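What you are looking at is a predicted structure, and each value in this text was computed from that prediction instead of being measured.
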Amino acid sequence: MKRGALFSNSQIYSKYDYAGYYKDTDFWGQAGDNFGAWLITPDKSFYGSGPLNQDLMIHYDGLILNYLFSEHFGKGLNVLPTDFKKMYGPWCLYLNNGSFEDVVKRSKKEKQAWPYSWLDDLDYPLELSNVIGQIGSAVSKKYEIILISNPKDKKIFIEQQNSNTYYVETDKNGKFRLKNIRPDSYSLYAYALDGTDLDEHLLIKDISINQRKIDLGEFQIHPSTKSIWQIGYPSHTTDGFKYSDQLRNYVWQELVPNNLTYRIDQNDDWYYLQNDSGKWNIEFPSNNLSNKNLVLKLALAGATQKQMDQGNGVLININLNGKKIFSERFENDRAAYRSALKSGRYHLITVPITYDQLKQNQVNTISFTTDGYLMYDAIQLGEECKEDE
């Protein structure tokens, strides 16, 4: 850790403040004194781990970084099989006079030239595919579509670092187009970026992509619950919660409240992260909830140990009206203490609630405590959907 004045939000910074999401970053580098050095990535599919893959990109002592895989930000330990084979890159290392506008133009030029026709290698196919399709949903209008190679791999998205991964958001009509897909076998997934669908959906378990264009048709998505009330919206990130839109820095962990009460149907704040110093409560009425099979869904964007060397994971306790309804430890995703504000490793916790657990015609309280850091995506009390809904 060094002290300086590089950020307006704090004078304390670390190398992890210079991390970023691959999906949002076409180039990165360092510049100054009429000189710039840039790493341009016209294709990012070989990094794996899906759209929330993030890592260090530059170092404050003059290094440009390029992590092919790491344990950072929830990706976990990556074990290579003995027969592992995969081509990474190529990249463009671009040197200029430090002009940001110039490297933007060069980055666009490199993306248009992908795949590079000058590279002759059996592991670098020039005949790539386009995959199109459409999502239909009554509760969420925008979805993230993820195509992951090696469909036999049972790992979650963020752990699949050895796969080739493609992703795209649906348009306003639910349509999607995945471009420049390498020939291989894939699984197709989707999760919502708005609305009330907190579930992850496996759309196709195993499909061979080996044609110039493949039309997958329309997928109708039906969530498992109907929302009664909800805090935030699904995105697998902390988007929408207080401080989630700030520059990466440790300072925000200390500015969140230790204790918090959020009242449903009131204009209260919910924050991107909860620490281990108190209890966060949600107060809600039980009116009109009789004879319903209720489900509490807690979508976490990350769960991080308070100390890096603890080794025992992150404890999450959920109480309803003072009685424990959930308690479990989750693996440390190493995200919050590395300046992450939006995500680490995603978790969806589902807890059934019966009506006799509620205080009838009174205010009920759901409480969350932890011995680490919890990063929030969305919280929902819902009613189980019937099969025909």
Side-chain angles (χ1 to χ4, degrees), residues 4-28 44 49-58 60 72-74 100 104 140-144 157-158 167-170 172 191-198 230-258 260-262 266-275 277 280 282 298-304 333-347 368 370 372-380:
L6 298 186
F7 291 98
S8 60
N9 58 19
S10 175
Q11 290 189 345
I12 301 175
Y13 67 97
S14 85
K15 61 184 180 182
Y16 294 105
D17 294 343
Y18 300 103
Y21 289 95
Y22 288 129
K23 75 178 180 66
D24 298 326
T25 315
D26 292 333
F27 62 89
W28 56 90
K44 307 184 188 80
S49 295
L52 296 182
N53 186 0
Q54 56 184 315
D55 224 309
L56 290 84
M57 293 182 170
I58 59 175
Y60 46 57
H72 299 151
F73 302 108
F100 186 79
V104 168
S140 295
K141 300 304 181 185
K142 181 183 289 188
Y143 281 82
E144 186 80 51
F157 305 145
I158 200 71
Y167 38 85
V168 69
E169 295 180 10
T170 57
K172 62 181 181 181
Y191 62 80
L193 298 173
D194 64 6
T196 60
D197 181 9
L198 270 60
Q230 184 171 303
I231 302 174
Y233 58 88
S235 68
H236 281 42
T237 75
T238 63
D239 276 350
F241 292 136
K242 195 163 185 177
Y243 299 150
S244 67
D245 58 346
Q246 300 299 314
L247 290 174
R248 293 175 186 256
N249 196 278
Y250 292 116
V251 67
W252 308 111
Q253 299 173 11
E254 307 303 324
L255 295 181
V256 300
N258 292 331
L260 176 69
T261 296
Y262 184 101
Q266 300 294 319
N267 191 28
D268 295 325
D269 284 327
W270 195 267
Y271 293 75
Y272 86 104
L273 175 142
Q274 178 182 0
N275 60 33
S277 299
W280 286 19
I282 301 172
L298 171 60
L300 292 176
T304 307
D333 65 14
R334 303 171 171 87
Y337 57 62
R338 286 184 166 127
S339 301
L341 289 176
K342 289 188 176 294
S343 69
R345 180 180 300 198
Y346 179 79
H347 304 279
F368 304 96
T370 182
Y373 298 111
L374 303 182
M375 301 174 70
Y376 285 97
D377 174 30
I379 307 169
Q380 180 189 90

With a 4.5 Å heavy-atom cut-off, do [X] and [Y] have their side chains touching?
X      : Y      : answer
Leu300 : Tyr376 : yes
Phe157 : Tyr346 : no
Ile282 : Phe368 : yes
Leu193 : Tyr233 : no
Ser343 : Phe73  : no
Lys142 : Glu169 : yes
Leu260 : Trp270 : yes
Gln253 : Asn275 : no

How about [X] and [Y]: does a side-chain donor come under 3.5 Å of a side-chain acceptor?
X      : Y      : result
Gln54  : Arg248 : yes
Asp17  : Ser339 : yes
Tyr373 : Gln274 : no

Using 4.0 Å as the upper bound for N to carboxylate O, is an ion pair formed by Asp26 and Lys44?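 Yes, this pair counts.
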Please determine which of Tyr16, Tyr18, Trp28 meets the side chain to side chain contact (heavy atoms under 4.5 Å, CB included) test together with Leu56.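 So the option named by the test is Tyr16.
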Which atom names give the shortest non-hydrogen contact between [X] and [Y], and what distance separates them?
X      : Y      : result
Val104 : Phe27  : CG2-CZ, 3.8 Å
Ile158 : Leu52  : CD1-O, 3.6 Å
Leu198 : Gln380 : CD1-NE2, 3.7 Å
Trp280 : Leu273 : CH2-O, 2.9 Å
Thr304 : Ala335 : OG1-N, 3.4 Å

State whether the side chain of [X] and the backbone N or O of [Y] hold a donor-acceptor pair below 3.5 Å, judged by distance alone.
X      : Y      : value
Tyr272 : Met375 : no
Gln230 : Gly195 : yes
Asp194 : Ser140 : no
Asp377 : Ser235 : yes
Ser244 : Phe241 : yes

With Asp269, which residues qualify under salt bridge (Lys or Arg N to Asp or Glu O under 4.0 Å), at least two apart?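 If we apply the salt bridge (Lys or Arg N to Asp or Glu O under 4.0 Å) test to Asp269, skipping adjacent residues, the hits are Lys242.
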Where does the angle between the aromatic ring planes of Trp252 and Tyr243 fall among parallel (under 30°), tilted (30 to 60°) and perpendicular (over 60°)?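 Trp252 and Tyr243: tilted rings.
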Return the set of residues passing ring pair (Phe, Tyr, Trp, His ring centres under 6.0 Å) with His347 (not counting sequence neighbours), or none when no residue passes.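 Listed in chain order: Phe330.
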Under the rule for ring pair (Phe, Tyr, Trp, His ring centres under 6.0 Å), what residues qualify as partners of Tyr191, not counting sequence neighbours?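 Listed in chain order: His236.
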Asn53 CG to Tyr22 OH distance, which is reported to the nearest 0.5 Å: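 Interatomic distance, Asn53 CG to Tyr22 OH, rounded to 0.5 Å: 6.0 Å.
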Please walk me through it: do Arg338 and His72 pass side chain to side chain contact (heavy atoms under 4.5 Å, CB included)? CA-CA 8 Å; Arg338 286 184 166 127; His72 299 151; 3.5 Å; yes
